[in-house]
Colleague: 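Next up is a structure, given as C-alpha cells.
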There are 2 protein chains.
Amino acid sequence: MITLTEENYIKAIYHLSNNGTLTVNTNAIAEAMKTKASSATDMIKKLSEKNYADYKKYQGVTLTENGKRVAVNIIRKHRLWEVFLVEKLNFTWDEVHEVAEHLEHIKSDKLIDELDAFLEHPTHDPHGDPIPDKNGNFHHIDKIVLAKANIGVAYKCVGVDDTSTAFLQYLDSNGIGLGTIITVKYREPYDNSMRIQLKNSEIIVSNSVAKNLYLKKV
Amino acid sequence: MITLTEENYIKAIYHLSNNGTLTVNTNAIAEAMKTKASSATDMIKKLSEKNYADYKKYQGVTLTENGKRVAVNIIRKHRLWEVFLVEKLNFTWDEVHEVAEHLEHIKSDKLIDELDAFLEHPTHDPHGDPIPDKNGNFHHIDKIVLAKANIGVAYKCVGVDDTSTAFLQYLDSNGIGLGTIITVKYREPYDNSMRIQLKNSEIIVSNSVAKNLYLKKV
DNA sequence: AAACAAATTTAGACTAGTCTAAAAATTATT
DNA sequence: AATAATTTTTAGACTAGTCTAAATTTGTTT
Ligand SMILES: [Mn+2]
Ligand SMILES: [Mn+2]
Ligand SMILES: [Mn+2]
Ligand SMILES: [Mn+2]
C-alpha cells in the first residue's frame, strides 16, 4: 500500500530528477515538498525500503523503475483531470492545478481508463504538458523556448514552463494561450526582452516570460 | 480545517442518526467505521470540541447544525460523483460506491457546482437516493418498500436501501433496475416472500429482497 | 438493593508524518 | 592539509488516528 504522501514525494522526485534521469538531493526535495530536510530524509528512507527509490546516505536519491512507473501514473492522472476540468467543467488553465493535485490520488484503473476515453485520449494537458499513455509512454513534441526563437519566423505557442496563477493570468491578459501564433520582431540585447507580434497586437515581453513559453514552428 | 477521517465519521453519524434526528451510540459508530469503540470515543470527543457534534459522556452523540451541514455536503458530493461515474464513465451502479467514497472528499466549491451543472442538476443518484441541492435541501420523493406494496397495483422501482454489490448484482441478473415496473401478484404468508410481475417475467423474491427495494405508484 | 452484563471511557502503546536542535559527513576555501 | 561552510542525518518530541487491556458507568436481573 502506497500512501498519498509517498505518492507526492515520488512525483516531486521524478520532476526534480528531470523525469528520472538525475540524482536529487535532500534539500531540493524538502523545498519542493515544503517540509524540512529531516522530514525528507525520513521519507527517502521509507521510499528506499519500499523499493521506489535508490538511496545511499549523503549521496542523493534516484527513483527505481518501480518508482518511475508510479510517478508517471500519477502525472497521467493529474493531467487527465486537468483536461477534464478545463474541457468539461469550465475551469481556466490557472485554476486546475490545485484540484488536480488531489484528484491525482484517486485509485481506480477503471476510472482513469474511462476518463481517458471520455476525453477522447488527449495527448496534452491545458498547459501543453504531454499526457503519458497507459503504458507510460509520452507523446513527445519538439518545442523550443521563446527566448531562443528566431527573428521573423512564425511559431505556435504549445506550452508553458511556469504554471503559476500569476504567469498564466499574465498570459491571458496579454492574449497569449495555447495555439496563439507568435512572431519575434526584435530581441533587445540589453535585457533580452523581446518584441513579439501576435494576431492583432505587438507587445514586449521580458526575458523571464520568454524563458517560460514554449513554441513550435508552424 | 477538517480532516478526511473527521468527514467520514460525520457522514456515518449522520446516516446512523437517521439524517440527524436520533442520538447515536459509540458502538454503532465504531461498527460503521470499522474501528474499535475506543477509537470512536476519541473521535467523538474531537468532533465535539470542533463543534460538529454534541456529546455527553455515556449519553451518545448528535450532530450540531454545523455537523449536519458538513454531512449533507459530503453526501451531495458523493451522489453527484456517482451520477457522473454512471452517466459519463460507463460505471455500473454496483461499481460506483467505493470510488465515490474517495471523490467525496475533494474540496472545491467550483468543482462541485460545475459538476452539478455538467450533469444537468440531477435530483437522484444511481441508487435512487436524493441529491441535496447547494443549500442542503433534499428533493423528497414518497416511496414505499416492496414488502409493503399492495397486491395487483403497478409500481415503479425508484430506489434501493442496500447498495452492496451482491444485492445490486442480484437485481441486475433478475432484470430489476431503477424505472422497472413491478406488480405484486402474491405474498406468501409463511416467509413473506413475494411473487412479482416484471415486464416479461414473473419471479419470486425473498422478504430480505422485498425490504430493500423502494417503489412508487405509477 | 445488590449483582451481573453490556456499553463506554481511559490508559498506554504504536505508526505515519512532521518539527527543532544537535551531530556528522561532505564540499569548498584557504 | 587544515579549517570553514554547507548539506545531510540523527535524536527526541509532537499530532492524528488506531489498537488492546483495564477501569468505569449504565442498565438489567434477581
Ligand atoms: Mn498531490
Ligand atoms: Mn498541467
Ligand atoms: Mn469517504
Ligand atoms: Mn448511492
Side-chain angles (χ1 to χ4, degrees), chain A residues 1-14 16-18 22-63 66-67 70-71 74 101-102 104-107, chain B residues 1-14 16-18 22-63 66-67 70-71 74 101-102 104-107:
Chain A
M1 244 298 298
I2 190 165
T3 69
L4 186 148
T5 310
E6 286 165 1
E7 287 190 344
N8 282 331
Y9 270 94
I10 290 171
K11 192 178 66 156
I13 295 170
Y14 184 83
L16 288 168
S17 68
N18 193 46
L22 309 174
T23 291
V24 182
N25 30 285
T26 305
N27 276 345
I29 296 170
E31 192 193 7
M33 295 301 299
K34 292 176 184 165
T35 57
K36 297 302 158 77
S38 53
S39 305
T41 300
D42 285 346
M43 183 54 79
I44 290 163
K45 281 182 192 164
K46 192 151 76 110
L47 294 179
S48 171
E49 273 160 29
K50 289 194 171 186
N51 245 297
Y52 296 118
D54 288 320
Y55 166 62
K56 278 200 209 74
K57 269 192 202 176
Y58 297 99
Q59 301 312 133
V61 194
T62 56
L63 289 180
N66 194 23
V70 170
I74 299 169
E101 200 58 48
H102 297 288
E104 70 186 3
H105 302 288
I106 304 285
K107 285 167 188 63
Chain B
M1 244 298 298
I2 191 166
T3 69
L4 187 147
T5 310
E6 287 164 0
E7 287 190 345
N8 282 332
Y9 271 94
I10 289 171
K11 191 178 66 157
I13 295 170
Y14 183 83
L16 289 167
S17 69
N18 192 46
L22 309 174
T23 292
V24 182
N25 29 285
T26 305
N27 276 346
I29 296 170
E31 191 193 7
M33 294 302 299
K34 293 177 185 166
T35 57
K36 297 303 160 77
S38 52
S39 305
T41 300
D42 284 347
M43 182 54 79
I44 291 164
K45 281 183 192 164
K46 193 152 74 111
L47 294 179
S48 171
E49 273 160 29
K50 288 193 172 188
N51 244 297
Y52 295 118
D54 287 320
Y55 166 65
K56 278 199 210 71
K57 268 193 201 176
Y58 297 100
Q59 302 311 134
V61 194
T62 54
L63 290 179
N66 193 25
V70 169
I74 299 168
E101 201 58 46
H102 297 287
E104 70 187 2
H105 302 288
I106 304 286
K107 284 165 190 64

Colleague: List the residues meeting side chain to side chain contact (heavy atoms under 4.5 Å, CB included) with B:Thr5, not counting sequence neighbours, and say none if there are none.
Modeller: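 For B:Thr5, the residues satisfying side chain to side chain contact (heavy atoms under 4.5 Å, CB included) (neighbours in sequence not counted) are B:Thr3, B:Tyr9, B:Met43.
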Colleague: To the nearest 10 degrees, what angle separates the axes at the start and end of the helix from C:dA1-D:dT30 to C:dT30-D:dA1, five pairs each?
Modeller: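 Roughly 10° between the end axes, to the nearest 10°.
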Colleague: Who pairs with B:Lys107 by side chain to side chain donor-acceptor pair (under 3.5 Å), at least two apart in sequence or on another chain?
Modeller: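 Side chain to side chain donor-acceptor pair (under 3.5 Å) list for B:Lys107, sorted by chain: B:Glu7.
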Colleague: Whole angstroms only, please: what is the NZ-C1' distance between B:Lys57 and D:dG27?
Modeller: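 That distance rounds to 19 Å.
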Colleague: Just how far is it from atom CG of B:Leu22 to atom CG of B:Leu63, taken to the nearest 0.5 Å?
Modeller: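 Separation between the atoms: 11.0 Å.
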Colleague: Are any protein N/O atoms closer than 3.5 Å to N/O atoms in nucleotides 22-24 of chain D? If there are, list each pair with its distance.
Modeller:
| unit_1 | atom_1 | unit_2 | atom_2 | d |
| --- | --- | --- | --- | --- |
| D:dT24 | O2 | B:Tyr58 | OH | 3.4 |

Colleague: Considering residues at least two apart in sequence or located in another chain, which fulfil the side chain to side chain contact (heavy atoms under 4.5 Å, CB included) criterion with A:Ser48?
Modeller: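 Testing A:Ser48 for side chain to side chain contact (heavy atoms under 4.5 Å, CB included), a comparison that skips the adjacent residues, returns A:Tyr55.
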Colleague: So do B:Val24 and B:Thr62 actually touch side chain to side chain, heavy atoms under 4.5 Å?
Modeller: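 Contact flag for B:Thr62/B:Val24 side chains = no.
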Colleague: Hey, can you pull the residues of residues 33-45 of chain B with a non-hydrogen atom under 4.0 angstrom from DNA chain C?
Modeller: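 Residues of residues 33-45 of chain B under 4.0 Å from DNA chain C: B:Ala37, B:Ser38, B:Thr41, B:Lys45.
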Colleague: When the nearest nucleotide of DNA chain C is assigned to B:Tyr55 and to A:Thr5 on a heavy-atom basis, which residue is associated with the more 5' position?
Modeller: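 That would be B:Tyr55.
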Colleague: Does any non-hydrogen side-chain atom of A:Ile44 lie less than 4.5 Å from one of A:Ile29?
Modeller: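 In short, these two side chains touch, coming nearer than 4.5 Å.
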Colleague: With sequence neighbours left out, what residues match A:Asn8 under side chain to side chain contact (heavy atoms under 4.5 Å, CB included)?
Modeller: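 Side chain to side chain contact (heavy atoms under 4.5 Å, CB included) list for A:Asn8, sorted by chain: A:Leu4, A:Met33, A:Glu101, A:Glu104, A:His105.
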Colleague: Measure the spacing between CD1 of B:Ile13 and OH of B:Tyr52 and express it to the nearest 0.5 Å.
Modeller: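 It comes to 12.5 Å.
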Colleague: For B:Asn27 and D:dT25, what is the distance between atoms CG and P respectively, to the nearest whole Å?
Modeller: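 One finds 18 Å between P of D:dT25 and CG of B:Asn27, rounded.
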Colleague: How would you list all residue pairs meeting salt bridge (Lys or Arg N to Asp or Glu O under 4.0 Å) that involve residues 39-58 of chain B, not counting sequence neighbours?
Modeller: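 Applying salt bridge (Lys or Arg N to Asp or Glu O under 4.0 Å) to every pair that reaches into residues 39-58 of chain B, excluding sequence neighbours, yields B:Glu6-B:Lys46, B:Glu6-B:Lys50.
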Colleague: What pairs with A:Lys36 under side chain to side chain donor-acceptor pair (under 3.5 Å), at least two apart in sequence or on another chain?
Modeller: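 For A:Lys36, no residue satisfies side chain to side chain donor-acceptor pair (under 3.5 Å) once neighbours in sequence are set aside.
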Colleague: If the condition is side chain to side chain contact (heavy atoms under 4.5 Å, CB included), which residues does A:Asn27 pass it with, not counting sequence neighbours?
Modeller: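 Counting only residues at least two positions away or on another chain, A:Asn27 forms a side chain to side chain contact (heavy atoms under 4.5 Å, CB included) with A:Ala37.
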Colleague: My understanding is that only residues two or more places apart in sequence, or in another chain, count here; which of them pass side chain to side chain donor-acceptor pair (under 3.5 Å) with A:Glu31?
Modeller: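 Residues passing side chain to side chain donor-acceptor pair (under 3.5 Å) with A:Glu31: none at all.
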Colleague: State, with a plain yes or no, whether a side-chain heavy atom of B:Val61 is found less than 4.5 Å away from one of B:Thr23.
Modeller: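 No, every pair of side-chain atoms sits at 4.5 Å or beyond.
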Colleague: Could you tell me from which nucleotide to which nucleotide of DNA chain C, 5' to 3', there is an atom under 4.0 Å from chain A heavy atoms?
Modeller: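 Contact boundaries, 5' end first: C:dA16 to C:dT26.
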